[in-house]
Amino acid sequence: MINETPRVRFAPSPTGYLHVGGLRTALYNYLFAKKNNGTFVLRIEDTDRNRYVEGAVENLIKALMWAGLNFDEGPETGGNYGPYMQSQRLDIYKKYADELIEKGKAYYCFCTPERLKTLKEEQEKQKLPQAKYDKHCLHLSKKEIENNLNAGIPKVVRLNVEGNNTIKFDDIVREHVEFESNNVDDQVLIKSDNYPTYHLANVVDDHLMKITHVIRGEEWLSSTPKHVLLYDAFGWERPIFAHLPLLLNPDRSKLSKRQGDVAVEDYRDKGFLKDALVNFVALLGWNAGDDKEFYYMDELISRFTLERVNKAGAVFDLQKLNWLNAEHLRKKSIEELLNLLKDEIQKSEFKNQNYSDNYLKLIIEAMKERVSFIKEFIDTCTYFYVTPAEYEQKSIEKNWKPETPEHLNKLKQEFALLNNPTKEDFEHALAKVSEEINVGKGKLIHPLRLAVSGQSTGPGMFDLLFILGKDEVVKRIETAIKNISV
RNA sequence: GGCGCGUUCGUCUAGUGGCUUAGGACACCGCCCUCUCAAGGCGGGGAUCACGGGUUCGAAUCCCGUACGCGCUACCA
């Protein structure tokens, strides 16, 4: 087994969206597989019919693909170990459950929910250390079982956990873990609706699908002894386990909807780049041992090891995600950003306007260092897309002096003389005016910026003038002089 | 309650017995650059390494205990 190429799986239940914690789990599986020339399998754990969500599998796959986590085998894609939807494997689970029953490792249980409930209440009343099933049905005679079966009495199949031994297993992240079998309940394996529980299904599937490494969230650590017992009962080799630390809310509870967005779709829709989200989530619980924090997927693949996964949970820190998003954005080429910006414009109020690629590229170059999100190429500088309708009040108060209209008029006249001006031409023109009227450049630039953009912040003045172009600049100066009064 | 796992700046983390007066990053503050805002550069505050005992010449690093947090405790995954 050790020398085989690894096969790993991401096995989410289809809840309707991909949780960022799920994304992290999927990512680590993916990185591990790619790093080791292994296979990444997607398996859908849809054995709870009460939780069925329309379109959930499609959404899940879409989100995974968006993040760049392509799986080698899975629903729709197919593979040699399908089907990859557990709801389509019911006969398989039945067969293996029967095998367990035959071996005495599992047994039918006909107890009603009511009996189970009173049993639990009684155990609680007695302050028993742990509430467990009392193995009542284990002691049914062959005859009784047959009668019950024939009578069609609702039944489940339970794991027969033998007491008084220590269940030990190794975990790449946790190292060595032990549980007392006395603390392990006779878990239901097959529910009364004939669907398996997670515990049976994941063990059977992982074995049949030849999964070598089970990489999953820490919430599964406590049920791993049950899984180990199952592998042993079947006489199967156990996979290597790696239980990942949880992603947490700012208050350190398990990352949840109530305290912010948890769906990767939410982050995508907010404008986070997939590179940034993947980079960020990779660093939540793993690092290469050095100070590097900016990664692309291929670098993550080459550097990832399970041995360097942390044990403690990690708070999902939005501020750092924002920063990484800006970092990734700045590293993108103008062409890439252009395409992203065009998509964004289609979603904006300017979708019916026509801007040339060239014009948009100038905006991108001017604003690249000043934005963290693609949409900010629009909403932090709408003056590139439309003549300002309003002027920032604070800047008016600060920069609009009684003599300002006169100064701007001078500038306007000077600009108007220019022929197809470059950035430098604008600069020279302003310098000339500054000298002529003996007014510092700064005293001209601030009101000019206000007149032309309506704002007090933005790219370099002359970049701004150049991008807007002479005619537009002249027009805007005229408009501003008319519209701004102190 | 029981069982399990965890605990280094606010957050993500480096650190695997001496190189550590605990390093980096985000965030915050200041300075520089400068036509503004950013970006960038430099600097600052911020962690008695949860606490208490050991082991050792020496411990954030090894051991034990305690506290706290989290997870599991379903015919959910």
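Heavy-atom basis, side chains included; hydrogens, waters and symmetry copies ignored. Just so we're on the same page: letters track the sequence lines, and every chain starts at 1.
- Between the base of B:A25 and the side chain of A:Lys320 there is a donor-acceptor pair shorter than 3.5 Å.
- Across all strands shown, B:G52 forms a Watson-Crick or G-U wobble pair with B:C64, both key distances being under 3.5 Å.
- Between the side chains of A:Asn249 and A:Ser256, at least one donor-acceptor pair of N or O atoms lies under 3.5 Å.
- Residues A:Met367 and A:Thr380 meet the side-chain proximity criterion, which asks for heavy atoms closer than 4.5 Å.
- Under the Watson-Crick and G-U wobble criteria, each requiring two contacts below 3.5 Å, nucleotide B:C70 is paired to B:G4.
- Within the nucleic acid shown, A:Lys441 has no heavy atom closer than 4.0 Å to any nucleic acid atom.
- Residue A:Arg174 is in sugar-phosphate contact alone, with no base atom involved, counting any heavy-atom pair closer than 4.0 Å across all strands shown.
- Of the N and O atoms on the side chains of A:Asp205 and A:Gln86, at least one donor lies less than 3.5 Å from an acceptor on the other residue.
- Among the atoms of the strands shown, none is found under 4.0 Å from any heavy atom of A:Gly442.
- Counting non-hydrogen atoms under 4.0 angstrom, A:Thr47 reaches the backbone sugars and phosphates but no base.
- Counting any heavy atom pair closer than 4.0 Å across all strands shown, A:Val188 reaches sugar-phosphate atoms only and no base atom.
- With sequence neighbours left out, A:Tyr295 forms a ring pair (Phe, Tyr, Trp, His ring centres under 6.0 Å) with A:Trp286.
- Residues meeting the side chain to side chain contact (heavy atoms under 4.5 Å, CB included) test with A:Asn194, sequence neighbours left out: A:Lys155.
- Each of A:Ser456 and A:Ser222 lies near RNA chain B, and the nucleotide nearest A:Ser456 is the one positioned closer to the 5' end.
- Comparing the P positions of B:U21 and B:A39 gives a spacing of 35 Å, expressed to the nearest Å.
- You'll find a donor-acceptor pair under 3.5 Å spanning the side chain of A:Arg370 and the base of B:C37, going by distance alone.
- Across all strands shown, nothing is found opposite B:U21 as a Watson-Crick or G-U wobble partner with both distances under 3.5 Å.
- Contact check, A:Arg252 against B:U11: a side-chain N or O comes under 4.0 Å of OP1 or OP2.
- Each of A:Ser192 and A:Ser253 lies near RNA chain B, and the nucleotide nearest A:Ser253 is the one positioned closer to the 5' end.
- As the counterpart of B:G46, no nucleotide is assigned, since no Watson-Crick or G-U wobble pattern has both distances under 3.5 Å.
- Partner assigned to B:C31 is B:G41, using Watson-Crick or G-U wobble distances below 3.5 angstrom.
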